[in-house]
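Notes follow the structure.
Sequence lines set the chain letters: A, B, ... in the order given, protein chains first and strands last, and positions in each chain run from 1. These figures come from a predicted structure and were not determined experimentally.
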Amino acid sequence: MASPQPDAQSPREIRAARLQKVNDLKQLGLNPYAYTWDVTHQAAALQEKFTELPNGEEADFEVSIAGRIMARRVFGKLAFFTLQDETGSIQLFLDKKTIQTAMAETDEQAFNHLKQLTDVGDFLGVKGVIKRTDKGELSVKVSTYSVLTKALMPLPDKWHGLTDVAKRYRQRYVDLIVNPEVRDTFRKRALITASIRRYLDQQNFIEIETPVLQAEPGGADARPFVTYHNTMDMQLYLRIATELHLKRLIVGGFERVFEMGRIFRNEGISTRHNPEFTSIELYQAYADYHDMMDITEALIVNAAQEVLGTTDITYQGEAITLSTPWKRITMHDAVQEKTGVDFAAFTDLAAAKEAAKKAGLHGVDDCATIGHVLNEAFEQTVEPSLIQPTFITDYPVEISPLAKPHRHKPGLVERFELFIVGRETANSFSELTDPVDQRQRLEAQAAKKAAGDLEAQSLDEDFVTALEYGMPPTGGMGMGIDRLVMLLTDAPSIRDVIAFPLLKPEQGGTD
RNA sequence: GGGUUGCUAGCUCAGCGGUAGAGCACUCGGCUUUUAACCGAUUGGUCCUGGGUUCGAAUCCCAGGCGACCCA
């Protein structure tokens with residue numbers, strides 16, 4: 001018999017009571033923190049295998065399973081536990097006679113100890129046979145059990161679960177324990193990234209890792225995180241893109257490369273932005289942005305088919321069809337459709353601004369070029385309406401310093417961005433390969449940066465030198481993995497698809 | 001950056017100027033077919049923090065912290 005339990009009500013006392021049970025288990029010679037358990041089956045597979053087992057029948061099938069106790073329904077000489085493993089859950093049918101007979105040699109009070117010393121939250125290993133109860137619940141009729149890990153902290157309300165979003169993110173492990181759909185999201189995320197890698201592997205792309213720590217961050221318009229290397233005594237930046245190094249690999253002779261990895265941007269946090277996020281960038285020699293549209297469609301459709309089994313999805317109540325081909329429209333045409341203004345017709349900046357204001361746009365006064373006015377018009381009028389997958393093509397050169405000039409349209413570049421549910425999901429160019437042009441464009445960016453534009457790009461001399469050795473015609477594409485996962489898992493916030501999103505410390509700063 | 005809003009028991013929430021509450025969880029007793037088990041009993045609090053108003057503040061006011069939503 002276990003020692004009498006102290007009253008346990010407050011979390012402090014609950015913890016104390018559970019620590020007492022830890023000691024009681026040790027007194028009985030049982031290790032409350034076991035080393036291994038021989039698991040023969042998982043819950044979901046058993047549920048699947050025995051769907052046909054009639055109520056009240058026992059199968060001649062022995063199993064040894066393990067998991068966390070999620071619910072306890074205890075009677076005098078009978079108890080039902082719900083045991084949860086990674087795949088799902090299964091009921092334990094705990095009959096006093098069966099257990100005390102089977103465990104007589106090790107613990108003659110085995111059933112009473114089970115009742116007294118286990119709690120919701122503990123990990124339990126059991127051996128027994130499969131049976132379906134009279135009431136129809138598939139169960140393991142337990143002969144022997146072992147406490148594998150004693151939990152000290154109580155779990156959240158079994159019915160309401162954990163809903164406080166801040167707590168869910170701060171204590172994701174608790175969120176994962178009690179909210180099965182959260183586990184499902186991260187499982188799907190893994191399947192999505194695996195399907196992308198598998199597809200690219202089939203297309204003979206190879207993944208090469210490029211540096212996170214860089215002396216000069218480049219490849220995107222974004223503010224970097226700054227860090228410091230002690231022995232080299234130098235300031236370093238966390239990468240804001242993988243672009244410039246992957247292109248160096250194309251210069252080096254690889255023809256199909258990609259990297260899926262973490263990117264860091266020192267910017268705001270929102271439902272669509274986390275300071276660290278995952279991107280994939282891929283580069284294919286001898287290809288252009290049209291080829292990149294095809295591969296982008298293929299990657300996303302393939303992922304949807306493999307993970308969801310369909311290309312017809314719902315995002316936050318909105319029906320989205322991913323079946324290809326997706327709409328392709330130039331930025332100029334898209335803006336003209338919405339505003340009635342053809343910005344391609346302008347040669348005078350002031351006139352373009354005038355027309356933009358007449359069309360009801362705001363914030364165009366600061367625009368330095370007609371291209372910036374066009375982009376502003378696009379972001380304000382077109383972007384939110386791009387719910388179904390749409391490639392917006394042919395961007396102004398002023399906002400695309402790494403893209404090759406359009407082969408037919410002066411002032412534009414061969415670039416597209418993919419929008420789904422109003423969000424930029426991918427960005428791609430026919431890559432600029434002319435080192436002289438590239439130098440000029442990056443010098444212009446560096447000048448803007450020197451003038452105080454914190455998101456302007458800088459001049460990476462070594463990258464330009466690489467181009468001077470000659471880069472073959474290349475198509476490149478970058479995609480936000482988190483946003484893709486949000487789309488395919490119907491997640492409203494990027495924090496729902498990042499296991500441990502960045503949060504402010506709960507107790508506030510030190511200053 | 002601006003606006004709106006939330007923070008009360010381990011969890012989910014009520015209370016909105018007059019003794020801090022409910023359900024679940026926990027503890028004790030009972031129970032061999034439960035599955036939000038049930039029946040009975042006992043319990044559990046820095047009402048986010050700090051000031052202020054008041055005879056009296058979880059409640060009203062001010063400042064701060066951490067979130068959520070909307071706008072820029």
| request: Just compare B/rC31, B/rG67, B/rC11 and give me whichever is closest to any side-chain atom of A/Phe75. | output: B/rC31
| said: Side chain of A/Thr133 only, heavy atoms from C-beta on: which candidate in B/rU33, B/rU27, B/rC66 is closest? | reply: B/rU33
| Of the candidate nucleotides B/rA36, B/rG45, B/rG67, which contains the atom at the shortest distance from the side chain of A/Arg12? | B/rG45
| task | Assign A/Val74 to base, sugar-phosphate, or nothing according to its heavy-atom contacts below 4.0 angstrom with the strands shown. | result | base
| request: Please tell me which of the listed nucleotides, B/rG45, B/rG67, B/rU32, lies nearest to the side chain of A/Arg495? | output: B/rG67
| query | With respect to the side chain of A/Asp119, which nucleotide from B/rU33, B/rU27, B/rG67 is positioned closest? | reply | B/rU27
| task | Mind calculating the distance between NZ (A/Lys150) and P (B/rC26) to the nearest angstrom? | result | 10 Å
| Between A/Arg168 and B/rG67, does any side-chain N or O lie under 4.0 Å from OP1 or OP2? | no
| field | Closest nucleotide among B/rU32, B/rU12, B/rU33 to the A/Lys131 side chain | value | B/rU33
| Side-chain N,O (A/Lys96) to OP1/OP2 (B/rU32) below 4.0 Å | no
| Side chain of A/Val165 - closest among B/rC11, B/rA68, B/rG44 | B/rA68
| query | Does A/Ser400 reach the main-chain N or O of A/Ala403 with its side chain, forming a donor-acceptor pair under 3.5 Å? | reply | no
| How far does the C1' atom of B/rA58 sit from the matching atom of B/rC16, given to the nearest Å? | 8 Å
| query | On a whole-Å scale, what distance lies between the C1' atoms belonging to B/rC55 and B/rG10? | reply | 37 Å
| field | Gap in Å between the two P atoms, one belonging to B/rG45 and one to B/rG67, rounded | value | 27 Å
| request: Measure the distance from NE2 on A/His160 to P on B/rG23 and round it to the nearest whole Å. | output: 13 Å
| When you check the phosphate oxygens OP1 and OP2 of B/rG6, does a side-chain N or O of A/Lys167 lie under 4.0 Å from one of them? | no
| Interatomic distance where NZ belongs to A/Lys97 and P belongs to B/rU33 [whole Å] | 13 Å
| message | Any strand counts, and the cut-off is 3.5 Å on both contacts for Watson-Crick or G-U wobble. Which nucleotide pairs with B/rA36? | response | none
| Distance, rounded to the nearest Å, where A/Leu92 contributes CG and B/rU33 contributes P | 18 Å
| query | So, A/Arg189 and A/Asp482, do they make that salt bridge, N to O below 4.0 Å? | reply | yes
| message | Work out how far the C1' atom of B/rU12 is from that of B/rG52, and round it to whole angstrom. | response | 33 Å
| query | What integer number of Å spans the P atoms of B/rG51 and B/rG56? | reply | 16 Å
| Does A/His362 or A/Asp134 map to a spot on RNA chain B nearer the 5' end, using the closest nucleotide for each? | A/Asp134
| Between A/Glu137 and A/Arg132, is the closest basic N to carboxylate O distance under 4.0 Å? | no
| message | Does this structure show an ion pair linking A/Glu181 with A/Arg183, if we count only N-O contacts that are shorter than 4.0 Å? | response | no
| said: I need the CE-C1' distance between A/Met153 and B/rA25, as an integer number of Å. | reply: 13 Å
| Residue A/Pro154, side-chain heavy atoms: nucleotide from B/rG10, B/rC69, B/rU33 that is nearest | B/rG10
| message | Can you check the distance between B/rG50 and B/rU59, where both ends of the measurement are the P atom (answer in whole Å)? | response | 12 Å
| message | Starting the side chain at C-beta, find the nucleotide from B/rC26, B/rA36, B/rU33 nearest to A/Ile14. | response | B/rC26
| Pairwise C1' distance, B/rA9 and B/rA25 [rounded to whole Å] | 11 Å
| Residue matched to B/rU53 through Watson-Crick or wobble contacts both under 3.5 angstrom | none
| If you draw the axis of the six-membered ring of A/Phe93, does the NZ or CZ of A/Lys131 fall within 45° of it and under 6.0 Å from the ring centre? | yes
| task | To the nearest Å, give me how far apart CG (A/Leu502) and C1' (B/rC66) are. | result | 14 Å
| request: Give A/Leu503 one of three labels, base, sugar-phosphate or nothing, depending on what nucleic acid heavy atoms sit under 4.0 Å from its own. | output: sugar-phosphate
| Value in whole Å for how far the P atom of B/rA72 lies from CD of A/Glu383 | 13 Å
| remark: Looking only at B/rU33, B/rC66, B/rC13, the nucleotide nearest the A/Thr163 side chain is B/rC13
| task | Determine the minimum heavy-atom distance between A/Leu148 and A/Ala66, stating which atoms define it. | result | CD1-CB, 3.8 Å
| remark: To the nearest angstrom, the CZ-P distance between A/Arg18 and B/rA25 comes to 13 Å
| Paired with B/rC69: which nucleotide, if any, by Watson-Crick or G-U wobble criteria at under 3.5 Å for both distances? | B/rG3
| Salt bridge present between A/Asp119 and A/Arg18 (N-O < 4.0 angstrom) | yes
| field | Quiz item: A/Asp157 side-chain donor-acceptor pair to B/rG23 base, under 3.5 Å | value | yes
| For RNA chain B, whose closest nucleotide is more 5', that of A/Arg73 or that of A/Gly161? | A/Gly161
| request: Both distances under 3.5 Å, Watson-Crick or G-U wobble: report the partner of B/rU42, or none. | output: none
| Can A/Arg172 be said to sit on top of A/Phe500's aromatic six-ring, NZ or CZ under 6.0 Å from centre and within 45° of the ring axis? | no
| Partner nucleotide of B/rU19 by Watson-Crick or wobble geometry (both distances under 3.5 Å) | none
| P atoms of B/rC28 and B/rG65, separation to the nearest Å | 44 Å
